[in-house]
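Working notes, beginning with the structure itself.
The first residue in the sequence is number 1, and the count goes up from there.
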Amino acid sequence: MPVSYHFAGRLFRLACVGEYTVSELKKAHDDALEDPRFPEDARFLIDVSQAASLVTRRADEIRDVV
């Protein structure tokens, strides 16, 4: 899966790997919010260190995600 979510204490991390769509990113985010393990008072991080799609994103797509 190109976008996955992880919890570590209060940290909620979305990890983007390789090619992914904006809809895959939004779905992972929404799935995490519905997960009963979602931390109270969460801190959010989008990890794009292994993403290939970010460099091809238009500015409006990036703003939409944010």
So which heavy atom on [X] is nearest to which on [Y], and how close?
X     : Y     : value
Pro2  : Glu19 : CB-O, 3.2 Å
Gly9  : Pro39 : O-CB, 3.4 Å
Arg10 : Glu40 : CG-O, 4.1 Å

Which residue pairs pass the ring-ring contact (aromatic ring centres under 6.0 Å, His included) test with at least one member in residues 36-60, sequence neighbours excluded?
Phe7-Phe38, Phe12-Phe38, Phe12-Phe44, His29-Phe44
For Ser4, check side-chain hydrogen bond (donor to acceptor under 3.5 Å, both in side chains) against everything at least two apart and list the hits.
His6
With sequence neighbours left out, the residues meeting side-chain hydrogen bond (donor to acceptor under 3.5 Å, both in side chains) with Tyr5 are Asp35
Determine which pairs satisfy salt bridge (charged side-chain N to carboxylate O under 4.0 Å, His left out) with at least one residue from residues 46-56, sequence neighbours left out, and list them in order.
Arg13-Asp47
Please list all pairs meeting salt bridge (charged side-chain N to carboxylate O under 4.0 Å, His left out) that have one or both residues in residues 53-63, counting only residues at least two apart or in different chains.
Arg58-Asp60, Arg58-Glu61
Members other than Leu45 in its cluster, when Ile, Leu, Val, Met, Phe, Trp, Tyr link by side-chain heavy atoms under 4.5 Å?
Leu11
Transitive ILVMFWY cluster of Val17, excluding itself - 4.5 Å side-chain cut-off
none
Reported CD1-to-SG distance for the pair Ile46 and Cys16, which is rounded to 0.5 angstrom
6.5 Å
Kindly say whether Asp41 contributes a backbone atom to a donor-acceptor pair with the side chain of Arg43 at under 3.5 angstrom?
yes
Contacts of Lys27 meeting side chain to side chain contact (heavy atoms under 4.5 Å, CB included) (sequence neighbours excluded), chain-then-number -> Asp31
